[in-house]
Amino acid sequence: METGEDDLCKNNWGSASILDYEMAREDEEEEPNLHVFKASSSCQDNNNNGGQASVDFLQGVKAQAWDPRTMLCNLSFMEHKIHELQGLVHLILGRNGQLQDEQRQLVTADLTSIIIQLISTAGSLLPSVKHHNMSTTAPGSALFPFPREANNLASQTLNNNGGASQELVLPKPIVGESHEMKNEDDAEEGENLPPGSYEIKQLEKEEILAPHTNFCTICGKGFKRDANLRMHMRGHGDEYKTPAALAKPTKETVPGSEQMLVKRYSCPFPGCKRNKDHKKFQPLKTILCVKNHYKRTHCDKSFTCSRCHTKKFSVIADLKTHEKHCGKNKWLCSCGTTFSRKDKLFGHIALFQGHTPAIPLEETKPSAAASSQRGSSGCGNNNNNAGMVSFNLGSATNANQETSQPCFMDGKISFEESFSPLSFDTCNFGGFPRSIFDDSFQMLISSACGCSPINGGDGSVSDTSV
Amino acid sequence: MKKAKQIQHSKPFDLLSEELVFIILDLVAQNPSDLKSFSLTCKWFYQVESKHRRSLKPLRPEYLPRILTRYRNTSDLDLTFCPRVTDYALSVVGCLSGPTLRSVDLSRSFSFSAAGLLRLAVKCVSLVEIDLSNATEMRDAAAAVVAEAKSLERLKLERCKKLTDMGIGCIAVGCRKLKRVSLKWCVGVGDLGVGLLALKCKDLRTLDLSYLPVTGKCLHDVLKLQHLEQLLLQGCFGVDDDTLQSLTHHCNSLKNLDASSCQNLTQRGLASLLSGAGCLERLDLAHSSSVISLDFASSLNKVSALQSIRLDGCSVTCDGLKAIGTLCVSLREVSLSKCVTVTDEGLSSLVVKLKGLRKLDITCCRKLSGASITQVANSCPLLVSLKMESCSLVSREAFWLIGHKCRLLEELDFTDNEIDDEGLKSISTCLSLSSLKLGICLNITDRGLSYIGMGCSNLRELDLYRSVGITDIGISSIAQGCCHLETINISYCKDITDKSLVSLSKCSLLQTFESRGCPHITCQGLATIAVRCKRLTKLDLKKCPYINDSGLLTLAHFSQGLKQISVSETGVTDVGLVSLANIGCLQNIAAVNTRGLSPSGVAAALVGCGGLRKVKLHASLRSLLPPSLINHMEARGCAFLWKDYNNNNNNNTLQAELDPKYWKLQLEEDIML
C-alpha cells in the first residue's frame, strides 16, 4: 500500500538528475506497456504519446534544469496532459460509465500516470525549492485530493502493470541512504567491479549538500531519514498511523530490482578521481559515500575542534570522532609531531636521528610529588620543596629560557596550562633541535647547579635536625 | 710548592716519590683500617692518600661534602650505605667531583628526584656507569634526565616499575654509547622501548630483559646487535615460539643466554633462538616448562661450543642428559639443582664424556646414589666445585672417592649428606679447598674436622650448621690450621663453648660468625672474638642465653666494622642495645624476644644508630614505640620487620631444637604440612 508513495517520491528524484541512465531501459520497457494498451484500444495513442512526451520532457529537464524555455515547455506539456486527462474523462462519460472492469482498471491506471507526471512537472517549475519539493512531491495530501486513493491506484498500477511501474522505479539507495547511515561509509575501497558491470549515477552538488532529503508534504519540514518523516507524519492525521503507512518500505516492493544492475555513484566534481570522466575512475558505493566524499574533498573544512583549535573537518561526524580522542593519549616527539599511537611514535623516532620521545610535562609534577612522599612522611618536606623548585628551574630553563626564579614558577604554570600539541614544539622538555639549545642549556644548568646548595641548604638542615 | 714544604718538614720520607707511595697504597688498600692508619701518619701521607683513593663508599650522606672535598679524584661513588640521598646531596656530588666521577651507585638510595639526577648527569660529563635500581617511584621524566649523561655506558634500572617505553626511548636516543643495560623488573617497558634501545645503541654488550613484558618481536632487533654478548630473558612470559618463528639472525657475538623461567618457550622457539648463536658459551634454561628430552637436547647441536648449562628445576630424562653429554663435550659447568627426576643412569651418561667438567651442581637430586657420584669422581678429574646438598642416598664410600680423584676441588657443599670422618680425611687432600659446607652432617666428628684443619690451609668458609658431633677440639684444630678463615657457622652445635671462640679468635680475618643456638657461649668468648677479629661484620648470637650487655659493650668498643647483629632471645638489655649505637657502620639489628628490652631503650638505640637499614623487633613493640619515631626511622631509610613468635606454647624450644633428631622430625612435619 504505502509503496506507491515512496515510489512516486523516487520518481521525482529520478526525474531531477539520474534519468539519463534510466532512459535506455525505459524505452525498452515501453513495449509491454504498449502491449497492454493495445488491448484497451481507444486510449492507446494518447498514452503512447504521453509516454513519449514524458521522455522528451525528462530529457529536457536533465539537459537544462533552470532554463525558462524548459519551464515553458513544461507548462505546455502540462497543458497537453490536462487535455489528455480531459479526453480520458470524456471517454468515460461517452461510454456512460459502462466500462468493462478491465477497461476501467486501465483507464484508472492511465489517469494515475498522467496525474503523477503532472505533479512532477509542476514541482520542477519552482526553481528555488527544486530539491525540497522535488524530493517530496508525494502525491499524497496537498496536491492530490484523495491521497489514499491515489496511493491505491499507484500501487495497483505497479502490481498490474510492470511496464508502467518501471517508469516509476527509482534509485533505491536514495531511500536506503537514510537507513544505512554509518556502516557503508568508505566501504567502497578495494571493490573491483569491472567497468560496465554497474550503472553510474551522478548527483548534483546541490543535492549532495542538501541538509534534508525527506520533506513533509503538509508542513514542509525536512528530515534526514525517511523513518523520521514517517514518525512525523503521524501528527498529521490518523491515516498516517496505520501499520502500513508506518512500515519501512522494503526492497521487495520494487519489482525487478533483482534484475537491476549494481548502482555506483560518481562525484560531480570535474577532474576528481571519483568523477566518471576520470581515467582511473573509482566509483563510490552509496549516496552516503558520495556525500562524505564530496564534503571531505571538495568543500571547506568549517568545523574546528574546540579542544586543539587546529584540526578542521567538513563532516561533523569526523569532528566528533576526533574530539573523542583529541588531547588523549598523545604520543609526542621532541620535534613537535604528535602521534595517536605509541608504535607510530617509536617508528618515527627510530627513523630520525636526534628525535626523542617527549615526556609530557604533567608527568613531572606527579613524580616530584611522589618523590616527596617517598622521601619522607615527616621530615623531608622542606628539602623536597627545594628539590621541586630547582627541578622547575631545570625544566623551565629548557622551556622558556628565563633566569629569575619566580618567573620559573610562573613560566611553568603557564606552560602547563597552555600545554597543547600546538605549543608543545616550542617549549617541550628536552628541547629540539638539541644543537641549538645545547650551549645555553649547559650554561643555565650550571648556573642552576651553582645556586642549588642554597636551595638545598634547608634540606640538609632538615636532614640533620631530625 | 706545598709538597716541597711538606718534604722539608717530613725528613724521613723525602726520598719517597708520590708514585712509590701510590704503589704502597695499592697494596695497603685491601684493608680499610690500614689505610686509615696510613693517612693518619703525617700530613703528607694524608694528602697522598686522598689523592690516591679512587672509590668511595660513604656511610652517611651528610659527610659527602667533606669527603668529596678531601678525595678530589673520586671516580667511583658507591652510595649503597646511604638510604637517603637527597637532590642536594646529588648536586654536591655533581659540583665537587663532577668531571672525575665515572660511576655512581644509587641502587639502595631514595628520596632524590629528577632534579638531582639532572645535576649529576649534566655536571658529571664523564659519567660512565650509573645504578638506579630500586627507584620504584622513578618516572619517565627522570629517565629523560638520565639521557643527558651522553657518555653513559653501563646503566642499571632494575625494578624501576614506573618507567615506560617513553623513558627508555629517551635513554636510547640520549645515551648512544650504552654497553650494558639492565631493565630487570621494569614491568612498564615493552617491545617498543627495547626495540628502540637495540636500534639506537649499537654498542650494546649486555642486555638484561628479565621479567619484562616483551615478546619475541623486540628480539628480532636485539639479536641484530653486532656486539651483543649477554642476553638475559629470565621470566619473559611473552617470549614464545610463535613470535620467534621467523627469527633469522647471526649473532655470533652472543656468549651468554639466559632463558630461564620462560614458560612459553619450548623446543621450537629455543631452536630458532640458538640457530644464529653459534658461539654461545653459557645457556640457562632453569625452570623451563618443557621436558629436557632427547628431542629437546637435539636443539643444542647448533651450540656445540657450549661451556655452561643450567637446567635447574627442569624435568630431565635420561636420554636428554645423555644427548647433552654427547653434543656438548666442551661443557665445563652443569647445574641440575632441584631436578628431582635425575637418576644415577642419567647423570652417569652425562658426565662420562665431560672430561673437562669444572662445576657440578646436583643440589636436591634425591634419587642419586653412590654410583653416579663414583662416575663423576672417575670421569671429571678437573672438578673444582661440587654442590650436592641433600643427596642423602649417596654412600660414604663415594665421598672418599671424590677426595681421592678430584684434587682440584675448591668448593664443596655436602649439606645434609652421609659423609663421615673417612670422607673428610680424603677431602682434606684437596689443598686448594676454600669453601666447605658440612651442615647437618651428623656422621662427622672432631677427628674428621682435624683432618680438614691440617690439610686445607686455604679454607675461607666453613659451615657446620647442626653438625652436632663437633666439639671445641674440632673447632680449635680448624682455627689452628685455617688461618684465612673468613666465615664460620657453628649454629646449634650444642657442645661448643667459649674455648672454641677463644681459638677462633686466632683467625684474624674472620668476618662472619654465626653461633646461633649455642647455649654454652658467654660474653668472655665473645670478647676475645671482638678484640682480635677486627674485620668482623656479621654476627649471629640468637638463642645464646648467656650473652648479655657486657658482651655487647665489648663489641661496641672493638668491632667498629660490624654491620649486622642478631641478639634475639639473649640476655641483652637496654644498656647493651644502646651501646651498639657506638658502631657507625651498623645497618641491621635483630632483637626479637629479648626480655630485657624496654620500649624506651629500643627507641634510644634506634635513634642512636644512624645508619640502620633494617630492624627486626617483636610485634608488641610496634604499638609501644612512638609512631613519630617509627616514621622518622622509616624516613631515614630504615625498614622494620615486626615478628610475632608464639613462644609461650613451649618454653623448652631451645632444648627441643638442639636435639637434631627431633628437629629433623619437626622439619619434615612442616614440609608435609
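Sequence lines set the chain letters: A, B, ... in the order given, protein chains first and strands last, and positions in each chain run from 1.
- For the set B:G98, B:G169, B:C170, the entry with the most heavy-atom pairs within less than 4.5 Å of chain A is B:C170.
- Using a 4.5 Å cut-off between heavy atoms, B:R60 makes no contact with chain A at all.
- Annotation: side chain of A:S334 is in contact with side chain of A:H355 (closest heavy-atom distance under 4.5 Å).
- The CG atom of B:D203 lies 10.0 Å from the CZ atom of B:R176; values are rounded to the nearest 0.5 Å.
- Between the side chains of A:D300 and A:S302, no donor-acceptor pair of N or O atoms lies under 3.5 Å.
- Below 30°, between 30° and 60°, or above 60°: for A:H322 and A:F313 the angle between ring planes is between 30° and 60°, a tilted geometry.
- Put simply, the residue from B:T74, B:L101, B:L79 that forms a side-chain contact (heavy atoms from CB on, under 4.5 Å) with B:L56 is B:T74.
- A 4.5 Å side-chain heavy-atom check between A:I349 and A:T356 finds every atom pair outside the cut-off.
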Checklist entry - After noting the C-alpha distance and the side-chain angles of B:L118 and B:E148, does the key distance pass the side chain to side chain contact (heavy atoms under 4.5 Å, CB included) rule? => result CA-CA 7 Å; B:L118 184 68; B:E148 298 291 337; 4.0 Å; yes
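- Residues of residues 185-194 of chain B lying under 4.5 angstrom from chain A, judged on non-hydrogen atoms, are B:L192, B:G193 in numerical order.
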